[in-house]
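Start at 1 and go down the list; that is how both ligands and their atoms are numbered.
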Amino acid sequence: MEIIIQPNAAAAARLAARLLAGVIRKNPDAVLGLATGGTTLPLYGELAAMKLDWRKITTFNLDEYVGIPPQHPQSYHSFMRENLFRHINIAAKKTNIPDGLAGDIPAWCERYEKKIRAAGGIDVQLLGIGADGHIGFNEQTSSLASRTRIKTLTPQTRKDNARFFGSEDQVPHHVITMGIGTILDARHCVLLAFGKNKARAIAEAVEGPVTSMNPASVLQLHPKVTVFLDEAAAAKLKLKDYYRWVFDNKPDWQKI
Ligand code: GLP
């Protein structure tokens, strides 16, 4: 796992955008796994400003709320449209986001998994992290082998996301999310975390035991993970000086 600590979120997002831009330029047919949440905003802002060619890029989003239509302002469909898709030249038919209104959810989830496989699998999967370590909407104690499925949100996650909905009672209880097994199948996972309320989750995910009590800790089992942090999110890491030293002394061919 490569840990990259930057002085602030803007600098970390800039570097993460450079990594993704490199992938898109090198492989114009790349398949990207996308995430939502406040953390991704500076990254999507950077990417949109880069004027990359997205025409052949395929995307699969991690998750969506169940029971709200794509036009709902707080749906992840709206989030992606507003914060990334409407600013780039991506083909709408190449963007995939779970359908929160699917009738037969298990069948829909199976088709999503098949579609990811048919696209050749995900080259780079973007991830944020919940304050409890969740990735996508894989809450604590999610199976580390799980695939795309319906999940019930914890009261804490609903509280955390209430800021987007105006009030907590408007936050849906259920979601469709890629599973942890689905995420682990991506060839490269890129996790972003900013702010002090992520510091504990990050320390546990990076330096703690692999446990479903911190779903992001499973990334320790993945061969290629890059973690972009600001100082506040890195605050509780025991080896942060080592991570800094490694980054500052990277051989040229490894530089982002
Ligand atoms: C939600 C999303 C996650 C995201 C998390 C953190 O639960 N499903 O993908 O990582 O929120 O969001 P934020 O970046 O707003 O802190």
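The closest protein non-hydrogen atom to atom 9 (O) of ligand 1 is Gly136 O, 3.6 Å. Scanning all protein heavy atoms for the shortest distance to atom 16 (O) of ligand 1 gives Lys198 NZ, 2.6 Å.
Only backbone heavy atoms of Ile129 (N, CA, C or O) come within less than 4.0 Å of ligand 1; its side chain stays farther off. Residue Tyr76 touches ligand 1 through its side chain alone, judged by heavy-atom distances below 4.0 Å. Residue Arg158 does not touch ligand 1, judged by heavy-atom distances below 4.0 Å. With a heavy-atom cut-off of 4.0 Å, Thr39 touches ligand 1 through backbone and side chain alike.
Leu62 and Leu41 are not part of a single hydrophobic cluster, where members link through side-chain heavy atoms under 4.5 Å apart. Residues Val225 and Leu237 share a single hydrophobic cluster, defined by chaining ILVMFWY side chains whose heavy atoms lie under 4.5 Å apart.
Atom NZ of Lys94 is surrounded by more than 12 heavy atoms from other residues, nucleotides or ligands within 6.0 Å.
Looking at ligand 1, you'll find an N or O of Gly38 within less than 3.5 Å of one of its N or O atoms. For ligand 1, one of its N or O atoms has an N or O atom of Asp63 under 3.5 Å away.
Contact between Ala35 and ligand 1 is absent, with no heavy atom of the residue lying under 4.0 Å from the ligand. Judged by the shortest distance from any of its heavy atoms, Glu64 lies outside the 4.0 Å radius around the atoms of ligand 1. Residue contacts with ligand 1 leave out Phe194, since none of its heavy atoms falls under 4.0 Å from the ligand.
We find that Lys255 and Glu2 are not joined by a salt bridge, their nearest charged nitrogen and carboxylate oxygen being 4.0 Å or further apart. Ion pair Lys159/Glu168 not flagged as a salt bridge, since none of the NZ, NE, NH1 or NH2 atoms sits closer than 4.0 Å to an Asp/Glu carboxylate oxygen. The pair Asp104-Arg111 does not meet the salt-bridge criterion, since no charged nitrogen lies less than 4.0 angstrom from a carboxylate oxygen.
A donor-acceptor distance shorter than 3.5 angstrom exists from the side chain of Asp230 to the backbone of Gly195, with no hydrogens or angles considered.
When Tyr65, Phe164, Phe60, Phe85 are each tested for a ring-ring contact (aromatic ring centres under 6.0 Å, His included) with Tyr76, only one passes: Tyr65.
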